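It should be emphasised that the depicted structure is a prediction, and the values quoted were computed from it without experimental measurement. All residue numbers in this chain count up from 1 along the given sequence.
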Amino acid sequence: MLERTGRRRMRSHGDGVQRQRSLPGSALGRPVKAAKPVETAGEAVRRIPSDACVAIGGSGAGHAIPDILLRHLGDRHRKAGSPTGLTLLHPFGVGDQRSKGLQQAAVPGMYRRVIGGHWSMAPRMAQLAAENRFAAYCLPAGVMVQLFHCAAAGSPGWFSHAGLNTFVDPRLEGGRLNSKAREDLVEYVERDGKPWLFYKTIPIDVSLIHAWEADTSGNLSMRHEAGFWHNCALAQAARASNGLTIAVARKIVPRGSIDPRSVHVPGCFVDVLVVDEDQGQTYQTEFEPSFCGEARMPDDGFESMPFGPRKVIARRAAQEIAPGAVINVGFGIPDGVLDVAREQGIADLVTSTIEHGQFGGVPAGGLDFGAVYNPEAILETGHMFDFYHGRGVDQAFLGFLQIDRAGNVNVSRLGSRIIGVGGFIDIVQKAGKVVFCGTLSIRAATEIRDARLTYVRRGAPKLVRKVAQVTFSADYARANGQEVLYVTEAAVFRLARDGVVLEEIAPGVDPEADLFPQLGFRPRISGELKRMPAAMYRPDSLPGSLFPAFGT
């Protein structure tokens, strides 16, 4: 194992995206005769017929996204008006919120139905859904990955608790996002006296996937990727339907030159190969060896979260970490929880996970989220979701857009803006303890001085009377005995039998003057209302006494 000795060296590719210099095996070298057809992206997407069901592998901002195929698919429709009537499936977000991923294939008239786990990475596609251009649905990412396995196995569908009492439940919205979404994709059933959701299998005609390398027989390896995702399930699902799998790879190597233990999709499930030697591990990182186990990032290679309200939130949330716990951290403020844990020297005493399949290490931030520096293990996403759906993590640290007086949380929709859920629902419903992390209000201005928090400008409420969409059900949490906290820079709330209860306030904050005017409802105040520790509002490192469970 190599030890990283410094920060990544980056270079500009002329599109504003910064990528790293070194990259193993980036040159194609001499052409290799392939047993599988090797086509250009334009030729390959011409194989996709109208009315097909197309599934996309990978995740987020370029993690194993077959980007070149999406670009040419959009170009084909803009030039030729075909294909049309497509059903599109993608469990995770696909894009960089600007010009890549599904942004390139967000073409009016191409789709009949789109079922996505997360939408906000491709705003154009989300806007088409909001405009009712096709039937739009949102299902949990983990559920969608499990449905790929069902399609591969010829199963009619999948029973799960994931989604009960949320907008995915057909007793609420059934995952529908617009008026064109009339078909029932989810059924509520009871079996052996317990409630379940039955998700119907959607047969896949075409799978579009990306791998690091392929051999001439079509065997695919993900060995330098940041994760394995769900490529094999997608390719098997297409084969089960007598469909088509198009695989993009950075390079093609001779048959037998890939270690069989590194083959993640056998060649018999792959129909066509496309070479794209320019795609990196993500849209902004060409190759980071510590993402895939080729090297380790040293401790001094990580930048600390800057001091401010967001770090205060992460610090207070980190106080809830239990020694030995298996945890999940979400995107944004929640991933700062591990940054705080690292500063306090307790990060190695818990096992962190993210839904993309990694255990241990430090989740990458920003558009690289989905990768992990120095992971201890990497599983396919299906195996990770088996864990989340089954036993579940001990503790989950997740963000929020809205919280209502009952304790419900919305992360999936605001007005006409479609965001989606990703793995949120899959993770949260079996977690023993859930800590929601976020700022108290929208567009507020704060100042921290002398270990006191003051509001220079109040913001619009994020704690509202009723959430716009139920992504987390307080009733479900109470029925299952989950412990739930809501941590902000100004206050900490807890889920109680009668709704949200105010338990802690920041030093310098007056509930009547500062807190309640920024809330859409007046919560019950605990009879033992406490002040949050003043040390959290100083830039200095926290004293070990704030983490007594770790004996520091």
Side-chain angles (χ1 to χ4, degrees), residues 17 56-65 67 70 74 88-108 111 113-145 166-168 173 175-178 181 229 282-284 329-335 354-356 363-371 381 398-402 409-428 436-439 442-443 462 467-472:
V17 177
I56 303 172
S59 170
H63 294 286
I65 297 294
D67 198 70
L70 300 179
L88 185 69
L89 307 178
H90 60 94
F92 297 101
V94 181
D96 62 352
Q97 300 180 334
R98 297 188 299 274
S99 62
K100 294 184 178 293
L102 280 176
Q103 289 285 85
Q104 304 163 107
V107 185
Y111 306 101
R113 180 176 63 170
V114 178
I115 305 165
H118 202 277
W119 289 73
S120 68
M121 300 302 286
R124 290 178 196 159
M125 188 66 82
Q127 183 60 35
L128 291 178
E131 293 171 357
N132 219 32
R133 300 295 189 96
F134 46 73
Y137 296 82
C138 181
L139 298 180
V143 167
M144 293 189 69
V145 171
T166 73
F167 79 96
V168 178
E173 301 174 53
R176 299 178 181 86
L177 297 178
N178 60 19
W229 283 272
T282 74
Y283 290 143
Q284 62 183 8
V329 292
F331 176 78
I333 294 175
D335 64 40
I354 63 173
E355 59 267 36
H356 304 85
L367 290 178
D368 271 348
F369 187 81
T381 49
L398 301 167
F400 67 86
L401 293 176
Q402 291 178 320
V409 173
N410 169 31
V411 302
S412 50
R413 185 163 192 162
L414 283 178
S416 63
R417 183 186 171 201
I418 297 171
I419 298 167
V421 295
F424 180 97
I425 289 175
D426 308 282
I427 296 162
V428 76
F436 291 107
C437 311
T439 56
I442 302 170
R443 292 185 295 275
K462 293 172 68 175
V467 294
Q469 193 166 65
V470 178
T471 330
F472 168 81

What are the two closest non-hydrogen atoms of [X] and [Y], and how far apart are they?
{"X": "H118", "Y": "H90", "result": "O-CE1, 3.1 Å"}
{"X": "S412", "Y": "T471", "result": "OG-OG1, 2.9 Å"}
{"X": "C138", "Y": "G117", "result": "SG-O, 3.5 Å"}
{"X": "A61", "Y": "T282", "result": "O-CB, 3.5 Å"}
{"X": "A136", "Y": "A181", "result": "O-CB, 3.4 Å"}
{"X": "C437", "Y": "P334", "result": "CB-CG, 4.3 Å"}

Could you pull out all residues at least two apart from [X] that satisfy side chain to side chain donor-acceptor pair (under 3.5 Å)?
{"X": "D67", "answer": "Q104, Y283"}
{"X": "E131", "answer": "Q127, R133"}
{"X": "T166", "answer": "none"}

With sequence neighbours excluded, residues passing side-chain contact (heavy atoms from CB on, under 4.5 Å) with [X]:
{"X": "T439", "result": "I313, I333, K462, E489"}
{"X": "A122", "result": "L102, Q103, M125"}
{"X": "A364", "result": "F291, D368, A371, Y373"}
{"X": "F369", "result": "F331, D335, I354, H356, P363"}

* To do: Assign the ring pair Y111 / F134 to parallel, tilted or perpendicular, where the plane angle (0 to 90°) is split at 30° and 60°.
  =>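 Plane angle over 60°, so perpendicular.
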
Please enumerate all residues that pass ring pair (Phe, Tyr, Trp, His ring centres under 6.0 Å) together with [X], with sequence neighbours excluded.
{"X": "H63", "answer": "W229"}
{"X": "F424", "answer": "none"}
{"X": "Y137", "answer": "none"}

* Asked: Under the 3.5 angstrom rule, does the side chain of Q402 hit a backbone N or O of A468 as a donor-acceptor pair?
  ->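 Answer holds: yes.
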
* Asked: Could you give all pairs that pass the side chain to side chain donor-acceptor pair (under 3.5 Å) test and reach residues 417-427, with sequence neighbours left out?
  ->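 Counting only pairs at least two positions apart or across chains, the side chain to side chain donor-acceptor pair (under 3.5 Å) contacts touching residues 417-427 are H389-D426.
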
Taking the side chain as every heavy atom from C-beta outward, state whether [X] and [Y] have any atom pair closer than 4.5 Å.
{"X": "F92", "Y": "I65", "value": "no"}
{"X": "F436", "Y": "V428", "value": "yes"}
{"X": "L398", "Y": "F472", "value": "no"}

Measure the spacing between [atom1] of [X] and [atom2] of [Y] and express it to the nearest 0.5 Å.
{"X": "L177", "Y": "F167", "atom1": "CG", "atom2": "CZ", "answer": "6.5 Å"}
{"X": "I419", "Y": "N410", "atom1": "CD1", "atom2": "CG", "answer": "7.0 Å"}
{"X": "R98", "Y": "L367", "atom1": "CZ", "atom2": "CG", "answer": "6.0 Å"}
{"X": "M144", "Y": "L89", "atom1": "CE", "atom2": "CG", "answer": "5.0 Å"}
{"X": "L401", "Y": "L414", "atom1": "CG", "atom2": "CG", "answer": "5.0 Å"}
{"X": "M121", "Y": "D96", "atom1": "CE", "atom2": "CG", "answer": "7.0 Å"}

* Asked: Could you go step by step and tell me if F400 and V467 meet the side-chain contact (heavy atoms from CB on, under 4.5 Å) rule?
  -> CA-CA 11 Å; F400 67 86; V467 294; over 6 Å; no

* To do: Applying salt bridge (charged side-chain N to carboxylate O under 4.0 Å, His left out), name anything that partners R124, two or more places apart in sequence or on another chain.
  =>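 Checked R124 against salt bridge (charged side-chain N to carboxylate O under 4.0 Å, His left out); zero matches.
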
